[in-house]
Amino acid sequence: MSAAHTHRGFSLIELMIGITVGMFILLGASSIMVGQMGDHRRLALETRTEQDVRVVAEVLTRELQLAGMWNSPMSGVWSEANPVLQANPNAEILVAEDGSWVRYRRWLRNDINQAEGFKLEDEVLYRLNSAGAWQPLTDPETLKITRFHVQLVETKRRLEAACQLDCEDKEDCPPSASVREFLINFQAHAAHDERVRRNFDLRIRVRSDIVTGACREA
């Protein structure tokens, strides 16, 4: 047999079979790559959403702890040196009936009592700034807030240990402290994928208690 007949190429059928097998391999590899890209995108969205939600939670916690704060808290506590009690000018905290907003005042600096607050509107959480305007706290292009519910819970505690003398049926004696807490639930999802959702529950203790009543004087 001559050398021309010992090294023949692929036949048309073999070539078509090879191309078909190659296409199946390429299709499988492409499917794996697309799946990995989707998983990577989903993981990135989950991480970004988790970070955004935690930032919101940290801001709410830091700010609402200071609700009702004033620059002279000891003026509201009776002592021999302070027989005439003063009321906290920032004591009032307002919460919407449906829990969608909260407003309050707190001492800032230089004897300035500033109005502050948070509210939900059109899936955006807003914060009341120092200029008295509502400023977006969240970006709707990355995070949508679907629920923001605030509840203010108040618990009274009798301060019997604060009095050195027996009250002897004196009205509003012993004094009591109203301990206030915010119970907040907010839900959010990634703007580009509603399946990426987060749900947070916060319990925030207001540092400024309301003290009422007084001990009996000697």
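- Counting Ile, Leu, Val, Met, Phe, Trp and Tyr side chains that sit under 4.5 Å apart, directly or through other members, Tyr126 shares a hydrophobic cluster with Val124, Leu128, Trp134.
- Arg127 and Gln135 form no side-chain donor-acceptor contact under 3.5 Å, judged by distance and modelled atom types alone.
- Asn129 contributes a side-chain N or O that, together with a main-chain N or O of Gly132, makes up a donor-acceptor pair within less than 3.5 Å.
- Look at Arg54 and Glu58 and you find no salt bridge, because none of the NZ, NE, NH1 or NH2 atoms lies under 4.0 Å from a carboxylate O.
- Of all non-hydrogen atoms in Ala67 and Ser208, the two that sit nearest each other are O-CB, 4.0 Å.
- Proximity of Arg62 to Val59: side-chain heavy atoms (C-beta onward) are separated by under 4.5 Å at one or more points.
- In this structure, the separation between CD on Gln65 and CD on Glu181 is 11.0 Å, given to the nearest 0.5 Å.
- A distance of 6.0 Å separates CD1 of Ile145 from CG of Leu125, quoted to the nearest 0.5 Å.
- In this structure, Thr146 contributes its side chain and Gln187 its backbone to a donor-acceptor pair below 3.5 Å.
- Contact of the Tyr104 side chain with the Val206 side chain is not registered, since no non-hydrogen atoms from C-beta on lie closer than 4.5 Å.
- Contact annotation: the side chain of Val153 never approaches that of Val179 to less than 4.5 Å [non-hydrogen atoms, C-beta and beyond].
- With contacts defined as side-chain heavy-atom distances shorter than 4.5 Å, the pair Val95/Trp101 does not qualify.
- Distance check, rounded to the nearest 0.5 Å: CG of Asn88 to CG of Asn113 gives 8.5 Å.
- Rounding to the nearest 0.5 Å gives a distance of 9.0 Å between NZ of Lys144 and NE2 of His192.
- For CG of Asp98, the number of neighbouring non-hydrogen atoms (other residues, nucleotides, ligands) closer than 6.0 Å is greater than 12.
- Tracing side-chain contacts under 4.5 Å through hydrophobic residues (I, L, V, M, F, W, Y), one never reaches Leu64 starting from Leu66; they form parts of separate clusters.
- Atom-to-atom distance recorded for Asp209:CG and Arg157:CZ is 8.0 Å, nearest 0.5 angstrom.
- Of the candidates Leu120, Asn199, Leu60, Phe186 forms a side chain to side chain contact (heavy atoms under 4.5 Å, CB included) with just one, namely Leu60.
- The environment of CZ in Arg205 is crowded: more than 12 heavy-atom neighbours from other residues, nucleotides or ligands sit within 6.0 Å.
- The two residues Arg105 and Ala115 have their closest heavy-atom pair at NH1-CB, 3.7 Å.
- With contacts defined as side-chain heavy-atom distances shorter than 4.5 Å, the pair Glu63/Phe118 qualifies.
- Two residues are said to be in side-chain contact when any heavy atoms from C-beta on lie closer than 4.5 Å; Ile93 and Val102 meet this criterion.
- Distance alone, capped at 3.5 Å, is enough to place a donor-acceptor pair between the Asn185 side chain and the Phe200 backbone.
- Of all heavy-atom pairs between Glu50 and Arg198, the closest is OE1-NE, 2.5 Å.
- Of the N and O atoms on the side chains of Gln114 and Glu116, at least one donor lies less than 3.5 Å from an acceptor on the other residue.
- With hydrogens and angles ignored, the 3.5 Å screen pairs no side-chain donor or acceptor of His189 with any backbone N or O of Thr49.
- Of the possible donor and acceptor atoms, none in the side chain of Arg180 sits under 3.5 Å from a partner among the backbone N and O of Glu154.
- With respect to Arg197 and Asp193, no salt bridge is recorded, no charged nitrogen being found less than 4.0 Å from a carboxylate O.
- One N or O on the side chain of Asn90 and one on the backbone of Met69 form a donor-acceptor pair closer than 3.5 Å.
- Hydrophobic clustering keeps Leu152 apart from Trp70 (ILVMFWY residues linked when any side-chain heavy atoms are closer than 4.5 Å, directly or through intermediates).
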| message | Quick one, Thr138 with Asp52, criterion side chain to side chain contact (heavy atoms under 4.5 Å, CB included). Give me CA distance, side-chain angles, the key distance, then yes/no. | response | CA-CA 8 Å; Thr138 58; Asp52 289 345; over 6 Å; no
